There are 2 protein chains.
Amino acid sequence: MSVAPKRPKGPPLNAMRAFEAAARHISFVAAAEELNVTAGAISQHIKTLESWAGMPLFRRNAQGVELTQAGQSLISDFSTAFDALAEATRALRNLRPNADFHIAALPSIAQLWLPKRLGKIRARFPQINFSVTAMETPPSLSRELFDLSIFFTVEDASTNQICICRDEITPVCAPSLRERTRGGDDFAGMTLLHDQSWARDWSLWSKGAGVALGNSETGPRFSLYSLAVEEAKAGAGALIGHLCLLEDALETGALVTMHHMVCETGMSLAVQLPPASRRRPETDEVVTLLKG
Amino acid sequence: MSVAPKRPKGPPLNAMRAFEAAARHISFVAAAEELNVTAGAISQHIKTLESWAGMPLFRRNAQGVELTQAGQSLISDFSTAFDALAEATRALRNLRPNADFHIAALPSIAQLWLPKRLGKIRARFPQINFSVTAMETPPSLSRELFDLSIFFTVEDASTNQICICRDEITPVCAPSLRERTRGGDDFAGMTLLHDQSWARDWSLWSKGAGVALGNSETGPRFSLYSLAVEEAKAGAGALIGHLCLLEDALETGALVTMHHMVCETGMSLAVQLPPASRRRPETDEVVTLLKG
DNA sequence: TTTCTTGCCGTAGAAAAACTAAGGCTACAA
DNA sequence: TTGTAGCCTTAGTTTTTCTACGGCAAGAAA
């Protein structure tokens, strides 16, 4: 007879969210990072959903996943739904008058560029808690609860993006080291300091400036740019300076430029905002203070 | 410095779902029923959400809840979001070729009216599992995973509603009891059987037919109409018969009508369908078989 | 070839969330 | 006054969810 006693249950919401994130990134690890869990958790969620649906949604390859036909067909419905849910979440959060203001930024920006501006912003909005989350890749502002993000990106015409300054690079070092190469092009004997995630910087500048380097690959690597900056200040060698990140150090003389050639990387330090409908009321003023 | 290490977390999804349901029904109990949990669970979810938001969303009165200003302002965003999510869920479920087909129906309809039709439907779609869930109030077909519902409702012009027949009532009893009142209006000495949720039936008919009843309130009450029907068959007394539910019993002679007056209740036995975009492909044919 | 790296899987145990059950309170109606 | 309807709270249990860690396969690098 099969008169079921219970209402038919939908799949677990968290599993759906995991699927949506994984489908958007086409990667379990990326989804895991976005949701602040381990990849194993995502894997389990997806499996739950697949068993609920009765068919696989991802094809697992050794070097990554891809969506199956079935998975493909769901992505737009799910994205729409979770967009709407993010909107609702934002509405919920914005009920609170002085909710925390969340900023996402590249670690180097968070450490070297932001503090000075943040001071002014805090002074302007003393009742609001500003919190800064450092991360390597920009979060989706339509999904996550960040009120703005600051990263190096290529400029686009979007009105949600406010460009602060071009990313310009040139070698810098401690004053005590400068004399050796003053005016000349002799980097051969110099220790070159590298940032892990900006490994191409030295060769980029070398090419742009037309200056030959002994070997642009060798030298200590740092996982955080600010560590490399500290080493450079201590006289450990030459560093490719991103000028906008070194305002303070150059101003105080803790670091000095080593060459007159300055190259653009093609990126810009830019503020990214959520869609207009979802912004916090303080946003515009905060942006103004960031620019100033 | 307040450099937060973790990404800002949204509120728990289940709490949001609970809020949405509670806000839609303006009742924790109704929400609990829809979500198949206890009211206590809803209460906690709402509390979680309120503490996340930092302000109350419901005002608790002794005889029910009402939304606060803040709660009011959220309802449309949340409804939109969960509508979209329901859509996505449906898409997910419809991936499976022969997924179960879920029917919601009033208990009396499920027991007395549906079985005969369901037999034909099962014969037509042998590979599909049809399951029937009995409930007192129609589910929201845009939220829950039912493929159609069958209830007594007032007719409306909606294309999602297919009217099967008018609800007509007249007293019935076992043949052995009929002689006493044959042709006459003497219900005074008769035991009147009542259905709990159709308590007004006897007085409705009495008024419509112009027949005085000794006391239309007294007599055994049954929580399920089909129990009352069984009692009536056994000769326990007179029952207000809903003709469309008694086709079988009248045909086989297990019950007979007691009076020539038949009243309409103003309701109709009607099939309700989900929005067109979300229907199962089998739906139209199933409806045809239900009508036939 | 061998070794490294990346990204997913699986499992076991731990942590957190969600749920139920039961008792209580308030307001309204009979 | 009693009954009923609704919601609340708390405690304890069940279920879900997550982490940690070892494994495996494929491509890249040595």
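These numbers were taken from a predicted model, which means no experiment stands behind them. Scope of the values below: all heavy atoms of this structure, side chains included, with no hydrogens, waters or symmetry mates.
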Given atom [atom1] of [X] and atom [atom2] of [N], what is their separation to the nearest angstrom?
X	N	atom1	atom2	answer
A:Arg59	C:dC8	CZ	C1'	15 Å
A:Asn14	D:dT19	CG	C1'	16 Å
B:Lys9	D:dT17	NZ	C1'	12 Å
B:Leu35	C:dT20	CG	C1'	15 Å
B:Glu33	D:dC7	CD	P	12 Å
B:Leu67	D:dC7	CG	C1'	15 Å
A:Ile42	C:dC8	CD1	C1'	12 Å
B:Arg17	D:dT16	CZ	P	13 Å

*Going by distance alone, is a donor N or O of one side chain under 3.5 Å from an acceptor N or O of the other, for A:Ser79 and A:Glu20?*
yes

*Using only heavy-atom distances, determine whether the side chains of B:Asp167 and B:His242 contain a donor-acceptor pair under 3.5 Å.*
yes

N/O (side chain, [X]) to phosphate O (OP1/OP2, [N]) under 4.0 Å:
X	N	result
B:His45	C:dC19	yes
B:Thr38	C:dT20	yes
A:Lys47	C:dC8	no
B:Ser43	D:dC8	yes
A:Arg60	C:dC8	no

*Looking for any heavy atom pair under 4.0 Å, which part of the strands does B:Thr48 touch: base, sugar-phosphate only, or nothing?*
nothing

_Using a 4.0 Å heavy-atom cut-off, does B:Ala39 contact any base of the nucleic acid, only the sugar-phosphate backbone, or nothing at all?_
nothing

*Just compare D:dC7, D:dC18, C:dG7 and give me whichever is closest to any side-chain atom of A:Val29.*
C:dG7

_A:Gln44 vs A:Val65, nearer the 5' end of DNA chain C by closest nucleotide_ = A:Val65

_Evaluate B:Arg96 against A:Glu50 for salt bridge (Lys or Arg N to Asp or Glu O under 4.0 Å), listing each step before the verdict._
CA-CA 11 Å; B:Arg96 194 199 296 252; A:Glu50 287 176 324; over 6 Å; no

_B:Arg278 side-chain N/O to B:Arg90 backbone N/O, donor-acceptor pair under 3.5 Å_ = no

*Pairing of B:Arg143 and B:Glu34 as salt bridge, 4.0 angstrom limit*: no

